[in-house]
Chemist: 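Provided herewith is a single structure, encoded as structure tokens, for subsequent inquiry.
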Amino acid sequence: MSTEMTAQDVLDLVKKEEVQIIDFRFMDFPGMQQHFSVPVDALDMDTFTEGLGFDGSSIRGWQAINESDMIVVPQPQTAFIDPFMEIKTLVMTCNIGDPITGEDYTRDPRNIARKAENYLKSTGIGDTAFIGAEAEFFVLDDIRYDQTEHSGYYFIDSSEGRWNSGRDEGPNLGYKPRYKEGYFPVPPSDALQDLRSEMVLHMQNVGLSVEAHHHEVATGGQCEIDLRFAPLLDMADDMTKYKYIVKNTARKHGKTVTFMPKPLFMDNGSGMHTHLSIWKGGKNTFFGDGYAGLSQNALYAIGGILKHAPALLAFTNPTTNSYKRLVPGYEAPVNLAYSRRNRSAAVRIPMYSTSEKSKRFEFRCPDPSCNPYLSFSALLMAAIDGIQNKIDPGEPLDRNIYDLSPQEASLVMTTPGTLREALEALRADHEFLLRGDVFTEDVIQTWIDYKLENEVMALDLRPHPYEFALYYDI
């Protein structure tokens, strides 16, 4: 609710609001929020320093069973009253610690984000990294999927879906956005206006600062709600609240939400364009008189991000589905270049405003399937590396990529084509992430191993439904 809220403030709020349940939340390694709850009388001042124990071996990518004991330490500045629970519940985000050593847990994503912020300060480059995240998502009416030894399918449905233009809906009233034409239509074509507005009001009530909401390009209920920029750790915390609110508001209305990057074939996928600026002493160090109003340090930061982009994508685009979005033809940023206009470039410099306060660039590759603590931290580390080593980003790509000659186009590097490629890039290029002990070798190797074994190889082993269409009768 407030970065100034203290442990005593939380105890006072609990009493004032007659809270009955305290909910402790944290982010697991792949990026899904976890929680457990206690009766209100289990919360006292000592809880904020000593924490509460739980089984770390049951959390994906964390402890072995013989070293399972861990503690959650609630952070009072993250407290809010849950808007969805019938029983009055106060929620707090927690740091994860080792009960024996008392040290912060190195695989705790929130700990990594805290270390990234501290490392920035230690370099003297800046004291605050501001992040703005634009997450997109689909609001659906029905989702069914299954995978067995002898069958596999998925079925998506939305009353907004263009594929339902001929369905008998008793009656069918039309107003279904065409494929790739869902950007900014007014109601009734945009049937989700009130639902998004309700999401926004819930977000504001728990302390999030919302800038705008609107329908997105794809048919079938694609939406976007934009949060105002905030310091890196705060924005990562905010994105966990954001997802929670979006999903639960939809569920209250009998709908379901997915943050999958590419749930629909032949339409735009969902990204999470991530804006970055580095400030020092109240001044935006990215503001200057260079290309698109950027400083030299900002251009070096872009150079670092473009250089390390293949490895970065292992964190910013961490699912096999992510790479079905990163393909040409769907406004996806597949070109590892920068531009103030070209939306197919990985890095874009928004030109809506030229003021110092608003000057930043956006990394357009990330998608909302990422763990925000890891994604934002990796992005900052690449930018710092670019500044420290004065990495030249090259010339901007302001021309239409499709107007380039084959020879010119061949000189433009592109994003990895699969998660496996991104993970191999991370294996070969991660020294920049280890500085300041922000990421550790253990974190990097555990991430690569987990993703390969549980996602990449798991998908490789299973027949795909389209393979039957291609090969059954050969």
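Index from 1, following the sequence. What you see is a predicted model, and the numbers here were worked out from it, not measured in a lab.
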Chemist: Counting neighbours of CE on Met85 that are heavy atoms of other residues, nucleotides or ligands and sit closer than 6.0 Å, is the number greater than 12?
Modeler: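 Result for CE/Met85: enclosed.
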Chemist: Strictly by modelled atom types, are Gln222 and Ser270 linked by a side-chain donor-acceptor pair under 3.5 Å?
Modeler: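 On atom types as modelled, these side chains qualify, holding a pair under 3.5 Å.
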Chemist: At what distance, to the nearest 0.5 angstrom, does CZ of Phe138 lie from CE of Met260?
Modeler: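 Phe138 CZ to Met260 CE: 10.0 Å, rounded to 0.5 Å.
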Chemist: Side chains of Gln34 and Asp28 only: does a donor on one sit below 3.5 Å from an acceptor on the other?
Modeler: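 Per modelled atom types, Gln34 and Asp28 side chains form a pair under 3.5 Å.
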Chemist: For residues Asn335 and Thr414, is any side-chain donor paired with an opposing acceptor at under 3.5 Å?
Modeler: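 Asn335 vs Thr414: no donor-acceptor pair found between side chains.
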Chemist: Does a side chain donor of either Gln445 or Asp449 reach within less than 3.5 Å of an acceptor in the other side chain?
Modeler: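 Side chains of Gln445 and Asp449: no pair found under 3.5 Å.
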Chemist: Hey, what do you get for CE (Met381) to CG (Leu434), rounding to the nearest 0.5 Å?
Modeler: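 Output value for this atom pair is 8.0 Å.
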Chemist: Please report the closest heavy-atom contact between Lys359 and Ser277, naming both atoms and the distance.
Modeler: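 For Lys359 and Ser277, the tightest heavy-atom pair comes out as O-CB, 3.7 Å.
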Chemist: Report the distance from atom SG of Cys94 to atom CD1 of Ile96, rounding to the nearest 0.5 Å.
Modeler: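 The CD1 atom of Ile96 is 6.5 Å from SG of Cys94, to the nearest 0.5 Å.
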Chemist: Quick one: CG on Asp69 to CG on Asp98, what's the gap to the nearest 0.5 Å?
Modeler: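 With rounding to 0.5 Å, CG (Asp69) is 9.0 Å from CG (Asp98).
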Chemist: Check this for me: does any side-chain nitrogen of one of Asp460 and Arg420 sit under 4.0 Å from a carboxylate oxygen of the other?
Modeler: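 Answer for the salt bridge query: yes.
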Chemist: Distance-only, no hydrogens or angles: does the Ser375 side chain make a donor-acceptor pair with backbone N or O of Asn371 under 3.5 Å?
Modeler: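 Checked: no pair found.
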Chemist: Check each of Phe287, Tyr291, Tyr300, Phe286 against Phe361 using the ring-ring contact (aromatic ring centres under 6.0 Å, His included) test, and report the only one that passes.
Modeler: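 Of the listed residues Phe287, Tyr291, Tyr300, Phe286, the ring-ring contact (aromatic ring centres under 6.0 Å, His included) partner of Phe361 is Phe286.
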Chemist: So do Leu90 and Glu17 actually touch side chain to side chain, heavy atoms under 4.5 Å?
Modeler: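 Answer no - side chains too far apart.
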Chemist: Are side-chain N/O atoms of Tyr373 and Asp237 paired as donor and acceptor at under 3.5 Å?
Modeler: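 There is such a pair (donor and acceptor under 3.5 Å, judged by atom type) between the side chains of Tyr373 and Asp237.
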Chemist: For the residue pair Phe26 and Thr93, establish whether any side-chain heavy-atom pair is separated by less than 4.5 Å.
Modeler: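 Result no, sub-4.5 Å side-chain heavy-atom pair not found.
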Chemist: Have Asp23 and Ser37 got a donor and an acceptor in their side chains that come within less than 3.5 Å?
Modeler: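 The criterion, which ignores hydrogens and geometry beyond distance, is satisfied for Ser37 and Asp23.
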Chemist: Would you sort out whether Val206 and Leu208 count as a side-chain contact (heavy atoms from CB on, under 4.5 Å), showing the intermediate values?
Modeler: CA-CA 6 Å; Val206 303; Leu208 303 187; 4.1 Å; yes
Chemist: Return the minimal non-hydrogen interatomic distance between Leu233 and Ala113, and the atom names on each side.
Modeler: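 Answer, listing the atom of Leu233 first, then Ala113: CD1-CB, 3.9 Å.
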Chemist: Could you report the tightest heavy-atom contact between Leu192 and Gly221, atom names first, then the distance?
Modeler: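 That closest heavy-atom pairing would be CD1-CA, 3.7 Å.
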Chemist: Taking the inter-plane angle between the rings of Phe36 and Phe24 on a 0 to 90° scale, is it parallel (under 30°), tilted (30 to 60°) or perpendicular (over 60°)?
Modeler: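 Aromatic pair Phe36/Phe24 classed tilted.
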Chemist: Using a 6.0 Å distance limit plus a 45 degree cone around the ring axis, check whether Lys283 lies over the aromatic ring of Trp279.
Modeler: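 No cation-pi geometry.
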Chemist: Just how far is it from atom CG of Leu433 to atom CD1 of Ile384, taken to the nearest 0.5 Å?
Modeler: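 Between atom CG of Leu433 and atom CD1 of Ile384 there are 10.5 Å.
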Chemist: Are any of the side-chain heavy atoms of Ile245 and Phe84 separated by less than 4.5 Å?
Modeler: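 Sidechains of Phe84 and Ile245: in contact.
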Chemist: Between Asp127 (side chain) and Gly281 (backbone), is there a donor-acceptor pair under 3.5 Å?
Modeler: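 Confirmed, Asp127 side chain pairs with Gly281 backbone.
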Chemist: If you take all heavy atoms of Ser197 and His213, which pair is closest and at what distance?
Modeler: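 That would be OG-NE2, 3.2 Å.
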Chemist: Side chains of Ser295 and Asn297: donor-acceptor distance under 3.5 Å anywhere?
Modeler: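 Note: Ser295 and Asn297 side chains miss the donor-acceptor criterion.
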Chemist: Around Met45, counting heavy atoms of other residues, nucleotides and ligands shown, do more than 12 lie under 6.0 Å from its CE?
Modeler: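 Yes, CE of Met45 has more than 12 neighbouring heavy atoms, counting only those of other groups under 6.0 Å.
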Chemist: Check the pair Lys307, Asp429 against salt bridge (charged side-chain N to carboxylate O under 4.0 Å, His left out), reporting the backbone distance first and the verdict last.
Modeler: CA-CA 10 Å; Lys307 174 184 176 181; Asp429 175 29; over 6 Å; no
Chemist: Ring-plane angle category for Trp62 and Phe54, please: parallel below 30°, perpendicular beyond 60°, tilted otherwise.
Modeler: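 Ring orientation of Trp62 relative to Phe54: tilted.
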Chemist: Looking only at side chains, do His215 and Glu224 share a donor and an acceptor under 3.5 Å apart?
Modeler: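 Side chains of His215 and Glu224: no pair found under 3.5 Å.
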Chemist: Against Ser322, only a single residue in Asn317, Asp367, Thr316 fulfils side chain to side chain donor-acceptor pair (under 3.5 Å); can you say which?
Modeler: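 Single pass found, and it is Asp367.
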Chemist: Name the orientation class of the two ring planes belonging to Phe439 and Phe315 (parallel below 30°, tilted from 30 to 60°, perpendicular beyond 60°).
Modeler: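 Rings of Phe439 and Phe315: tilted, as their planes differ by 30° to 60°.
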Chemist: Can you name the residues that form a salt bridge (Lys or Arg N to Asp or Glu O under 4.0 Å) with Glu362, not counting sequence neighbours?
Modeler: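 Residues passing salt bridge (Lys or Arg N to Asp or Glu O under 4.0 Å) with Glu362: Arg348, Arg364.
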Chemist: Would you name the heavy atoms of Ala332 and Leu326 that are closest together and state the gap between them?
Modeler: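 Shortest heavy-atom separation between Ala332 and Leu326 comes out as CB-CA, 4.1 Å.
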Chemist: Could you go through the side-chain contact (heavy atoms from CB on, under 4.5 Å) check for Ile71 and Leu52 one step at a time?
Modeler: CA-CA 5 Å; Ile71 57 172; Leu52 294 173; over 6 Å; no
Chemist: What are the two closest non-hydrogen atoms of Ile81 and Val19, and how far apart are they?
Modeler: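 Smallest heavy-atom distance, with atoms named: CD1-CG2, 3.8 Å.
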Chemist: Can a side-chain donor-acceptor contact be found between Asp385 and His308 if the only test is distance below 3.5 angstrom?
Modeler: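 Side-chain D/A pair, His308 to Asp385: present.
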Chemist: Tell me whether Lys243 contacts the main-chain N or O of Met32 through its side chain, where contact means a donor paired with an acceptor under 3.5 Å.
Modeler: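 The answer is no, because no donor-acceptor pair under 3.5 Å joins these two groups.
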Chemist: Between Tyr244 and Thr240, is there a side-chain heavy-atom distance shorter than 4.5 Å?
Modeler: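 No, their side chains stay 4.5 Å or more apart.
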Chemist: Just checking Phe363 against His275, ring centres under 6.0 Å apart?
Modeler: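 Between Phe363 and His275, the centre distance exceeds or equals 6.0 Å.
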Chemist: Taking the side chain as C-beta and beyond, is there a heavy-atom pair between Leu380 and Ile278 under 4.5 Å?
Modeler: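 A side-chain contact exists here, since the closest heavy-atom pair is under 4.5 Å.
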Chemist: Show the numbers, then the answer: is there a salt bridge (charged side-chain N to carboxylate O under 4.0 Å, His left out) between Asp82 and Lys88?
Modeler: CA-CA 7 Å; Asp82 193 307; Lys88 186 65 73 74; over 6 Å; no
Chemist: Can a donor-acceptor pair be found between the side chains of Thr319 and Asn321 at a distance below 3.5 Å?
Modeler: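 Asn321 and Thr319 do not have a side-chain donor-acceptor pair below 3.5 Å.
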Chemist: Compare all side-chain heavy atoms of Pro372 with those of Met27 and state whether any distance is below 4.5 angstrom.
Modeler: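 Yes, side chains in contact.
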Chemist: For the pair Glu117 and Arg114, find out whether any cationic side-chain nitrogen is under 4.0 Å from an anionic carboxylate oxygen.
Modeler: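 Looking at Glu117 and Arg114, the cut-off is not met.
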